[in-house]
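Quick notes on the structure that follows.
Predicted, not measured: the structure shown is a model, and the values here were computed from it. The analysis underlying the following values was restricted to heavy atoms, covering all of them including side chains, and did not include hydrogens, waters or symmetry mates.
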Amino acid sequence: MNPFESLVAPVLQAFPELDANDITFTPPPNLDLGDVTIPMFPVARKLKNAPAKIAAQAAKKVSFGPEVSAAEAAGPYLNLRLDRAAFARRIVSAVLSGGDAFGSNRSGAGKRVVLEHTSINPNASPHVGRARNAMIGDSLARLLRFEAHEVEVHYYVNDMGRQIGLLVLIADQLQNLDFDGVLDAYVEANERAREDEAFAAEGYALLAKMEEGDPDTRARFRAVTDLCLEGQLAVLARLGATYDVFDRESKYVRDPRQERLLEALRARDAVFTDEKQRLVVDLSKLGYPREEGRYFVLMRANGSSMYGFRDLAYAMDKQELGADMNLMVLGEDHKLYAQQLALILGAMDHPAPESVYYSYILLKDGKMSTRKGKVVLLSDFLDQASELARERVAEQCRDLPPGEQQAIAEQVAVAAIRFAVLRVTPNKNVIFDMDQALSFSGDTGPYVQYSCARINSILRKYGGEVSAVVPEDFPAGSTAEWALLTALANFPNVVAGALQQRSCSTIAVHALDVAHLFTTFYHDCPVLKAETPALVEARLQICKATLQTLKNALHILGIEAPERM
RNA sequence: GCCCCGAUAGUUCAGUGGAUAGAACGAACGCCUCCUAAGCGUUAGACGAAGGUUCGAUUCCUUCUCGGGGCGCCA
């Protein structure tokens, strides 16, 4: 949606050398200068003249018609003063008719996407660091769906491996191990493996039996990993994260695809058995440029396979689903690893999935450490945040039944964590501060929700149905209204940019902008007590359009917009 | 040692070559007979360092410093 589309043709008429793509619209730094700006840099480049000169020319030469009351050059910019009401009407109308799809460019219509994310090792309850993957992945899925892609979300269950083997051993010794006890058991198992060589060896032996397909061993692994997975999914469900398909790693042991891959590697002379009898890929034969990270082990000396060997089969399996886009969300610790996988797959001209990386979440006083107990568990955070929110809701929504109060509190808690994490650019570390995340004030998810609750409150008090049909003589045009509406109009661009960057952080930032602008509007422009009935109606429509935009943005972020809070 | 990310107010984050670098938290002061004070207003406060490319650099390039991640039987 470009609300200023009608201004393009007059410019092209005055400068026939240009085409529509040369004309862009940006908000001026402040509304005293004008209502919208056309920067002359691209225009000047094409006309091979100084931007300021072109701007001055354009101010005189272009006849915009009645929608533009003034066109002034300011340096390299052409500032236009508009008949705001006419444009405001178009914007509100576009938002209201777009509804839940407002903001979507439908760029994914007809495209299928396979997206793998979260894929936490089935051991302990996830901490907020691990959960960054789930939040980024889940929001990416939502963004893709919002843009009309058909998305299938996959969760890779790492139900094998040394650490799971150790956990199985410990689980056998402890009685009635439940999910809450897994973290301690896991720490204990790893400690013991470090100290007690026999115990560690037992773990490897168990792993080998698992790979051989011993039914009893498989059942024991399955029991432990199911216990963990169920517990983890319950916590992730609180976040609103959902998955369509669970792929178990154990399915990819001795996968027939691996033999095909080995053939391709042999043909490139890129695989060998080393002096310790390990099966190793020499990536330098596949174009890898450095000594560090040059070797990639597929199989241990005892014939058991490494994680990467199974993962290669998994990557091929996912590719065979034939999606138009094959994405996976990975921590930055997987960067080299994914590059290595891509090179190996490339040996058989097999495409690799596209990786979306994110950096670790750090605590204010340093890195998280499971061993030192220096972690913030996602469930602990949600419990605390939910309890704090519940106290607030109990004060402010006394008339609601406790169940509803509780539901709202949970929504606020989820908003707090999702927003705090998602608003940061994925390739930057998130510095997580518990107190800050629990404060709910300032630039937070709950603040955006609060804006929604205020709008809902106005609509509730009004009582009637707010029409989606915007009248010809839409009376709104004050500064606060204009600033808010132009931000709403920009939402589709923000969505398109987010998809391009594979990151929802700009959506979070935009939601915050809109919420701030709404608050200014809220203070400057009375809605229900506006001077005329027509203005009441118009402002109600602005409220409704704002709510719709915020809801759509929050939906992509996986955050609810409560009616009250 | 080598490779990949990052560095913006005291703090946490925006800002994809263009106008006076924006918020929020924290600090100080002020605002609830007025649609929810989880709010609003005012004040103070920043581009890690040095070079380069450009009409113009927080943004691109180089080096350095600091932080995060990685570099053959963990997943």
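- The side-chain ring of Tyr295(A) is stacked on the base of G72(B), judged by centre separation under 5.5 angstrom and plane angle under 30 degrees.
- On the C1' atoms, U8(B) is 38 Å away from C35(B), given to the nearest whole Å.
- Counting only residues at least two apart or in different chains, ring-ring contact (aromatic ring centres under 6.0 Å, His included) contacts with residues 443-462 of chain A comprise Tyr447(A)-His516(A).
- To the nearest whole angstrom, the two P atoms, one in A24(B) and one in C5(B), are 33 Å apart.
- In the displayed structure, Glu72(A) atom CD is contacted under 6.0 Å by at most 12 heavy atoms of other residues, nucleotides or ligands.
- A straight line from CZ of Phe41(A) to P of U54(B) spans 18 Å, rounded to a whole angstrom.
- Nucleotides G48(B) and U58(B) have their C1' atoms positioned 12 Å apart, rounded to a whole Å.
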For this session: Return one dot-bracket line describing RNA chain B 5' to 3' (Watson-Crick or G-U wobble pairs, both distances under 3.5 Å; ( ) same strand, [ ] crossing, | another strand, . none).
Result: (((((((..((((....[...)))).(((((.......)))))....(((((..]....))))))))))))....
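- Straight-line distance from the CG atom of Leu362(A) to the C1' atom of A7(B): 13 Å, rounded to whole Å.
- With both ends at atom P, the span from C60(B) to C4(B) equals 16 Å, rounded to whole Å.
- Applying the 4.0 Å criterion to OP1 and OP2 of C4(B), one finds that Gln339(A) has every side-chain N and O outside that range.
- An anti orientation is assigned to C61(B), its glycosidic angle lying beyond 90° of 0.
- For G26(B), the base is anti relative to its sugar; the glycosidic angle deviates from 0 by more than 90°.
- Seen from the ring of Tyr357(A), Lys335(A) counts as a face-on cation partner, given the 6.0 Å and 45° thresholds.
- In this structure, Arg132(A) is not positioned above the aromatic face of Tyr358(A) in the sense of NZ or CZ being under 6.0 Å from the six-membered ring centre and within 45° of the axis.
- Between Tyr450(A) and Leu207(A), the residue whose closest nucleotide on RNA chain B is further toward the 5' end is Tyr450(A).
- Counting non-hydrogen atoms under 4.0 angstrom, Tyr337(A) reaches a base of the nucleic acid.
- Here the shortest heavy-atom pairing between Arg81(A) and Leu31(A) reads NH1-O, 3.9 Å.
- For the OP1/OP2 pair of G41(B) and a distance below 4.0 Å, the side-chain nitrogens and oxygens of Tyr522(A) include no atom meeting the criterion.
- Rounded to an integer number of Å, the gap from CG of Leu363(A) to P of U12(B) is 13 Å.
- Residue Leu438(A) contributes atom CG, which lies 16 Å from atom P of C25(B) at whole-angstrom precision.
- Taking atom C1' on both A46(B) and C25(B), the two are 15 Å apart, rounded to the nearest angstrom.
- Taking the six-membered ring for Trp and the full ring otherwise, Phe491(A) and His510(A) have centroids separated by under 6.0 Å.
- Both the sub-6.0 Å distance and the 45° axial angle are satisfied by Arg454(A) relative to the ring of Tyr522(A).
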